[in-house]
Number of protein chains: 2
Amino acid sequence: MNDLQEGFTCSECIEKCSLFKALTKDELEEVYEHRYDTTFRSGEVIAKQGSPISHIVSLSTGLAKLVLETPGKPDILLTVVKPTTLITSPGMFLDNRYHFSIVSIKETKACFISMTIIRQLFERNHEFAKRFHRSIGERSIMLYNRFRNIIHKNMAGRIADSILFLHKEIYGELNFKIDLNRSELAEYSNMTKESVSRILKELKDEGIFDLTSDHATILNLDRLEQIAKNG
Amino acid sequence: MNDLQEGFTCSECIEKCSLFKALTKDELEEVYEHRYDTTFRSGEVIAKQGSPISHIVSLSTGLAKLVLETPGKPDILLTVVKPTTLITSPGMFLDNRYHFSIVSIKETKACFISMTIIRQLFERNHEFAKRFHRSIGERSIMLYNRFRNIIHKNMAGRIADSILFLHKEIYGELNFKIDLNRSELAEYSNMTKESVSRILKELKDEGIFDLTSDHATILNLDRLEQIAKNG
DNA sequence: AGCCTTGTATGATATATATCACATATACGA
DNA sequence: TCGTATATGTGATATATATCATACAAGGCT
């Protein structure tokens, strides 16, 4: 791949990702020089919980899930990230390790930028540092809400939450091809895959939401939001 | 209160709080000038979720809980903080609002430092900024573990977790006067106060942990840790 | 085309935990 | 000292959700 092409793919990320927008032309040059692309198939681990953060991951295309792993226990799916996102992590300025795994959930291109460069940019570019920390804060606040949802809501409410999250934050349409299977929906909603099936059936029977194989359709957004608030 | 006395109370905080240690003498002077103390009785709100972060709170004496509030739902007790801690918050560089409430759980002296000063220190003192962000990251990682504990463990495991947290992080002794009532233990462990009573009775019957009124005694640390890992 | 694996659905049952009702203790003010 | 409020304990029952067993469907491979 020549420089021009690289410039092209990166320019997309720069446009969509507020973190990159804080960088000067020279700084971006430097990032170009210390980055590399890799393409992952669905289900492949992009970064493993516990491993050192040698490079920071930026999603170029595809989708990835952030999961909390615990030996002998089911995974906890924290969130789904879409392009173009620089995946910040709270361990970056502590133990320099990943505290969750990043796993692709469809064909995904990830860009790896050397952490050394990121640290240098941190020292030099105050605005970049600020946005970086803001991003970590955002994920923290997101987590507070995940906590609330999982603790306070019943199964239907939690599934409604998942669907609304995917609709609003990821796919943006009432109709979408879902990239999470039933088990992953379960891991996001803190329930079993069997219960996911049952709740999905209820939602379909009531004409609120239809998930047939991987084709999702929100039939009644108002009721879905009501169920998410619920009861 | 004269300058000498103020200097004395503050010097304690400076010794115990890594955040303050990053400041120069001049910077500390400036903090002194833009701070004020208030004493809170047990149960009083030190900072309210949703309100603007005009001042950053540093606990001087006493204990406080950080709680997630949700209208019409029970509170979620995120953690307990002890002196001397500068209570950082993920909203500080986002919407500048508290995303949890800070509530005293015993007679507590809190020191309020103007956020304007904190922001200035941020620009000038890189090390201070670094430690600040580290602290936010630490709370984030703590939250991941809270997530795991609440999702993966049964009631006994969750109560054992609470006790071990209080023992290791807060009181440091096998014997301690607990400042959380049964409801607060329930809010920390995601269960009802009735269930807390029942589990505490079991732990007492098995000679593992005794909580009589507010006097807590860990009788068998090994078994308690085993229950926390559990099963 | 048939076979095997993997994902999904669904019913019967088990189980953890909440809820409700009440009892007891402890603190607190008149 | 009493009476009232508040925190805690305990039992009986209800309920949400998991588990287990099995069936069905859809792809991929030979």
Side-chain angles (χ1 to χ4, degrees), chain A residues 41-43 65 72-77 105-107 149-163 177-206 209-217 227 230-231, chain B residues 41-43 65 72-77 105-107 149-163 177-206 209-217 227 230-231:
Chain A
R41 266 169 296 169
S42 185
K65 58 179 178 180
K73 304 279 178 183
D75 285 350
I76 300 167
L77 208 165
I105 53 174
K106 68 188 293 191
E107 174 123 344
N149 292 341
I150 283 180
I151 287 180
H152 292 315
K153 292 178 187 174
N154 64 13
M155 291 200 295
R158 296 191 320 257
I159 282 289
D161 259 347
S162 324
I163 298 161
K177 189 199 147 293
I178 198 168
D179 293 292
L180 300 178
N181 60 28
R182 305 300 189 270
S183 293
E184 287 168 325
L185 279 176
E187 285 165 8
Y188 185 86
S189 314
N190 188 34
M191 48 203 272
T192 60
K193 54 188 181 345
E194 292 95 328
S195 292
V196 169
S197 283
R198 275 186 260 272
I199 302 289
L200 287 177
K201 183 184 154 66
E202 282 179 41
L203 290 175
K204 183 188 280 188
D205 288 351
E206 292 176 51
F209 174 74
D210 178 26
L211 185 58
T212 304
S213 103
D214 61 357
H215 187 75
T217 315
I227 289 170
N230 99 328
Chain B
R41 266 169 297 169
S42 186
K65 57 179 177 178
K73 304 280 178 182
D75 285 350
I76 300 167
L77 207 165
I105 53 173
K106 67 188 294 190
E107 175 124 343
N149 292 342
I150 283 181
I151 287 180
H152 292 317
K153 293 179 185 172
N154 63 14
M155 291 199 294
R158 289 182 338 246
I159 281 290
D161 259 346
S162 323
I163 298 161
K177 189 200 147 292
I178 197 167
D179 294 291
L180 300 178
N181 61 27
R182 306 299 189 271
S183 292
E184 287 167 324
L185 279 176
E187 284 165 8
Y188 185 86
S189 314
N190 188 34
M191 48 204 271
T192 60
K193 53 187 183 341
E194 291 95 330
S195 293
V196 169
S197 283
R198 273 185 262 271
I199 301 289
L200 287 177
K201 181 183 155 66
E202 281 179 41
L203 290 175
K204 182 188 280 186
D205 288 351
E206 293 177 49
F209 174 74
D210 178 26
L211 185 58
T212 304
S213 102
D214 61 355
H215 187 76
T217 316
I227 290 170
N230 96 327

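Model, not experiment: these values are computed from the prediction. Letters A, B, ... mirror the listed sequences (proteins, then strands); counts begin at 1.
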Colleague: Using modelled atom types and a 3.5 Å cut-off, is there a donor and acceptor pairing between side-chain atoms of A/Thr212 and backbone atoms of A/His215?
Modeller: no
Colleague: D/dA7 P sits how many Å from B/His215 NE2, rounded?
Modeller: 22 Å
Colleague: Could you go step by step and tell me if A/Met191 and A/Val196 meet the side-chain contact (heavy atoms from CB on, under 4.5 Å) rule?
Modeller: CA-CA 7 Å; A/Met191 48 203 272; A/Val196 169; 4.0 Å; yes
Colleague: Measure the distance from CD on B/Glu194 to C1' on D/dG11 and round it to the nearest whole Å.
Modeller: 12 Å
Colleague: Any sub-3.5 Å donor-acceptor pair from B/Arg158's side-chain atoms to B/Asn190's backbone N or O?
Modeller: yes
Colleague: Assuming nearest nucleotide by heavy-atom distance, tell me which of B/Ser195 and A/Ala156 is located more 5' along DNA chain D.
Modeller: B/Ser195
Colleague: Near B/Lys201 NZ, under 6.0 Å, is it more than 12 heavy atoms from other residues, nucleotides or ligands?
Modeller: no
Colleague: Grab the NZ-P distance between B/Lys193 and D/dT6 for me, whole Å please.
Modeller: 13 Å
Colleague: Given atom CG of B/Leu180 and atom C1' of D/dT8, what is their separation to the nearest angstrom?
Modeller: 15 Å
Colleague: Which atom names give the shortest non-hydrogen contact between A/Asp161 and A/Lys153, and what distance separates them?
Modeller: OD2-NZ, 2.9 Å
Colleague: Could you list where the contact with chain B starts and ends along DNA chain C, reading 5' to 3', using a 4.0 Å heavy-atom cut-off?
Modeller: C/dT17 to C/dC20
Colleague: Under the criterion side-chain contact (heavy atoms from CB on, under 4.5 Å), I'd like the reasoning laid out for A/Ile150 against B/Ile150: C-alpha separation, chi angles, the key distance, then a yes or no.
Modeller: CA-CA 10 Å; A/Ile150 283 180; B/Ile150 283 181; over 6 Å; no
Colleague: Looking only at atom types and distance, does a side-chain atom of A/Ser42 sit under 3.5 Å from a main-chain N or O of A/Ile105, one as donor and one as acceptor?
Modeller: yes
Colleague: Please tell me if the side chains of B/His152 and A/Ile76 come closer than 4.5 Å, counting only heavy atoms from C-beta onward.
Modeller: yes
Colleague: For DNA chain D, whose closest nucleotide is more 5', that of A/Ser213 or that of A/Met191?
Modeller: A/Met191
Colleague: Between B/Glu184 (CD) and D/dA7 (P), how many Å, whole number?
Modeller: 10 Å
Colleague: Can you tell me how far P of D/dG9 sits from CG of B/Leu203, to the nearest Å?
Modeller: 12 Å
Colleague: Quantify the bending of the helix from C/dA1-D/dT30 to C/dA30-D/dT1 as the angle between its end axes, each fitted on five pairs, to 10°.
Modeller: 30°
Colleague: Which atom names give the shortest non-hydrogen contact between B/Phe209 and B/Leu200, and what distance separates them?
Modeller: CE2-CD2, 3.9 Å
